[in-house]
Amino acid sequence: MSPSSASLSFSPAYTLWDFAGRDGLQAALQLFGPRANRIAPFQSFSTSWQQQPCTVLRLCQHNFRVALPEGAALDLATQALDLSLWVKPCATLATVFLPRAEGLERLPNLATTNPLYRLDPLPLDCAVPARIGNCAVLIWHHTWNTQPYLAIQTVTTQQDFIRQVVN
Amino acid sequence: MHSSPVLTSPYSDIPAPLGSVVAEYRIKASRAIAYPVKAGQYIQIIDVAGSQCSDFLAFAGEGYSDGLDGTVTRTLLGQAMPQAGLLSAYFSQQMQPLVRVVQDTCGRHDSFMLACTPRYYEEAGYPGHPSCSDNFNQVLATYGIAPRPGWPAINFFFNTQVETDGTISAAESWSRPGDYVLLQACQDLLCASSACPDDIDPANGWQPTPIHVRIYDAAEAFAPAMGRRVAPNLPLRLTQDSAFTPSIRALTQHLAEYNGFWVPMSYPHQGDQAEYWALRERVALMDLSALRKFEVTGPDALALLQWAFSRNVATLSVGQAAYGCLLNPHGGIIDDGIVFRLRDTAYRYVGNCDTDGPWLQSVAQQQGFAVTVEPSSDRLHNLAIQGPHSRGLLSSLVEFKAAEGQDGAIAHLNNLPYFHCTPARIFGIPVLLSRTGYTGELGYELFVHPQQGAALWDGLMQAGKPYGLLPLGMQALDRARIEAGLLAAGREFTDLISPYQAGIGWSVGLKSKGHFIGRAALEILKQRPPFVAVGLMLEGNEIACGGQCVYPQGTSSNERYAWRVGHVTSGTFSPILNRSIALAQVAPEYAQLGTVLEVGFMDSIKRRIPAQVGPLSLYDPTKSRVRSY
């Protein structure tokens with residue numbers, strides 16, 4: 001999956017991978033270091049992996065989503081760990097990037113969340129599951145390769161709708 | 001039957017209205033009504049005489065096409081019933097919120113069963129018996145809603161329970177006269193309520209009675225609350241805010257009812273991991289106002305505590321405190337808590353239960369002790385400020401009034417020993433400052449009058465910024481206390497569990513004081529408690545939870561030795577130990593350090609995880625951090 005963007009000027013080229021399982025946290029610790037044990041669900045941190053930029057988003061106790069440069073082979077790397085987990089690229093997800101300042105200002109009015117989460121504010125390295133209209137999205141304010149980005153992840157079939165809404 | 005709105009409240013058999021009544025309806029016994037409600041309005045469903053069920057339907061949308069759906073609700077919330085607070089909404093088939101629970105004084109309802117049906121009565125030998133479903137069919141026909149043989153309703157006050165074998169048992173309602181559920185409509189609705197006609201089983205106490213419905217103006221703002229009853233002689237208690245809750249609400253909506261208070265579970269964009277690490281590495285602030293405080297004063301105050309409390313408190317100097325438990329005659333733990341000696345004949349007991357005070361009073365009366373026991377929870381709310389930097393933060397803020405040495409007073413925080421307390425001021429606010437906590441870290445607790453609670457919270461949050469202070473919710477606190485081997489009521493102890501089983505046998509003054517409640521039983525139990533508390537370090541990353549069974553190692557494939565040797569009481573993933581850990585209670589023969597046991601997961605046959613016995617406090621077992629200078 002390659003991200004699509006509302007404007008190329010703020011679009012990093014990364015690929016999203018998901019991994020989860022009984023040993024999901026241990027995989028994250030071994031692959032990306034001890035910071036994986038310090039973030040809560042819907043928090044992220046940027047690091048490097050195999051000398052490439054990398055951002056790790058925690059989705060649950062044992063579930064992680066990772067942004068890696070295109071061509072990275074996270075599945076092969078995790079095979080060597082011999083842990084109980086699955087790994088796969090996020091083939092059904094599209095990412096729509098927004099200009100940060102404008103997006104952070106507009107999203108609280110465009111999207112709704114359940115009361116557990118807040119879009120106002122949405123600090124850096126935090127994500128929030130939300131809905132825009134009837135479309136489920138994950139809004140992610142994150143760093144990748146030292147630069148901050150604001151992204152909306154949604155299913156590929158909804159990306160045109162999301163792009164229309166945010167534009 | 002559709003009832004006409006009543007704009008006044010002439011009913012003397014029910015509690016007074018909570019606010020401005022828009023309409024009210026008395027549903028006669030064994031009947032039902034349908035009534036419109038506007039978005040924002042409140043619906044109060046009152047059990048007039050007690051033990052009476054009232055089934056509830058709601059419809060939204062064009063032609064009332066989108067009905068309330070219990071299955072959707074359970075699935076979206078992940079719990080059997082909505083409750084006042086965060087997870088309060090009943091949803092429709094289209095997954096839209098229809099009503100929210102604002103208050104509930106009963107706490108026991110049914111969302112699994114149909115409103116009673118003709119078939120139920122027919123199969124019991126009562127053909128033609130009225131039913132809620134038939135009554136609903138009659139009153140909903142006016143609105144063009146097609147009849148059903150059984151309506152999937154929310155059955156308020158209906159006492160059902162899903163048993164572990166899957167059966168759903170039903171019994172007499174828990175509700176008392178005047179108990180109510182207060183809902184708020186999320187959109188314009190047609191609602192229907194019944195006064196259940198079931199008189200052939202205990203559901204309505206064998207005697208159907210009326211139900212009363214009041215509709216309140218949308219302009220009202222009723223605080224969310226659950227009713228809690230803890231003893232026959234204590235009044236219903238509605239969930240309350242502490243002095244700090246308004247400040248906490250500005251930071252998180254993730255609050256839950258705990259022991260009669262709204263407490264934060266975690267904070268958004270922070271999460272329990274960040275809160276946990278702030279506690280372990282820096283400093284964290286938490287609201288522990290749900291603890292109950294009692295002032296024990298008088299010439300026999302010491303005698304009462306020596307009689308009722310497990311610990312020998314005769315050795316306490318003024319300004320000193322001791323952890324222990326209140327005991328019953330068979331050696332069970334009524335509650336755990338801390339006794340503070342404030343003056344020569346004045347002590348404060350801080351525990352968990354409203355019933356602790358009446359219990360101490362009754363013991364004093366039986367023994368003829370000259371002592372008063374006065375609850376002080378309403379004028380003492382408390383914060384805990386815990387973590388290795390807690391002293392550094394507080395040192396710059398605390399003022400001590402009394403001269404060093406006067407009545408145990410101190411002049412600097414460095415001189416306040418573990419389990420000691422002193423009056424002090426922070427931001428000019430008088431507090432009782434104690435070096436106590438529930439986290440396994442160096443830390444302090446601050447007891448303050450509620451009127452000054454918000455100022456204290458806000459000041460500490462501000463002053464804590466340079467120290468990396470974070471507010472801490474109950475989820476992170478639970479991780480920390482399990483790591484530290486600290487007990488939770490209902491999990492590690494009950495009134496059927498002795499201190500020797502719970503792991504706090506050291507707090508029993510068998511050798512250091514004379515007779516006290518439970519002593520005879522404890523002398524026997526000490527020889528061989530049926531179980532003893534241990535810490536378990538599990539292999540792998542799966543998290544154990546309370547109730548899971550513990551087995552000897554290597555017995556999963558051997559039927560002859562398939563018996564249990566204990567059970568897990570609490571489990572968590574320890575971030576600092578990077579492993580799954582648990583507190584468990586196991587037979588003494590299996591409690592030696594290093595023993596490898598197995599924790600059963602799922603049905604205990606599919607998978608068992610090896611777990612090594614460790615100290616109860618798996619984190620910092622020598623308590624060096626809480627005692628550190």
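Convention: sequence-line order gives letters A, B, ...; per-chain numbering from 1. Since this is a predicted model, take the numbers as computed values, not measurements.
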Choice from B/Ile543, B/Asp272, B/Leu251, B/Ile576 maximising heavy atom contacts with chain A below 4.5 Å: B/Leu251
Contacting region of B/Phe573 [heavy-atom separation from chain A under 4.5 Å]: side chain
The single option from A/His62, A/Gln61, A/Gln26 passing side chain to side chain donor-acceptor pair (under 3.5 Å) against B/Asn541: A/Gln26
Toward chain A, the part of B/Glu281 with a non-hydrogen atom under 4.5 Å: side chain
Option that, when pairs with chain A are counted at under 4.5 Å, heavy atom only, ranks first among B/Ala274, B/Ser266, B/Gly540, B/Ala250: B/Ala250
Whether over 12 other heavy atoms sit under 6.0 Å from B/Gln79 CD: yes
Side-chain heavy-atom pair A/Arg58, B/Gln273 within 4.5 angstrom cut-off: yes
Pairs of heavy atoms under 4.5 Å with chain A: top-ranked of B/Met265, B/His254, B/Arg607: B/Arg607
Over 12 non-hydrogen atoms of neighbours within 6.0 angstrom of CG in B/Asp603: yes
Heavy-atom pair with the smallest gap, counting every atom of A/Ala40 and B/Gly271: CB-CA, 3.4 Å
Between A/Asn37, A/Leu83, A/Asp125, the one whose heavy-atom pairs under 4.5 Å with chain B are most numerous: A/Asn37
Heavy-atom side-chain contact between A/Val128 and B/His269 under 4.5 Å: yes
Distance, nearest 0.5 Å, that separates CD of B/Glu542 from OG of A/Ser84: 8.0 Å
Residues, nucleotides or ligands: over 12 heavy atoms within 6.0 Å of A/Asn109 CG: yes
Residue-level contacts of residues 113-121 of chain A with chain B, using a heavy-atom cutoff under 4.5 Å: A/Pro115, A/Leu116, A/Arg118, A/Pro121
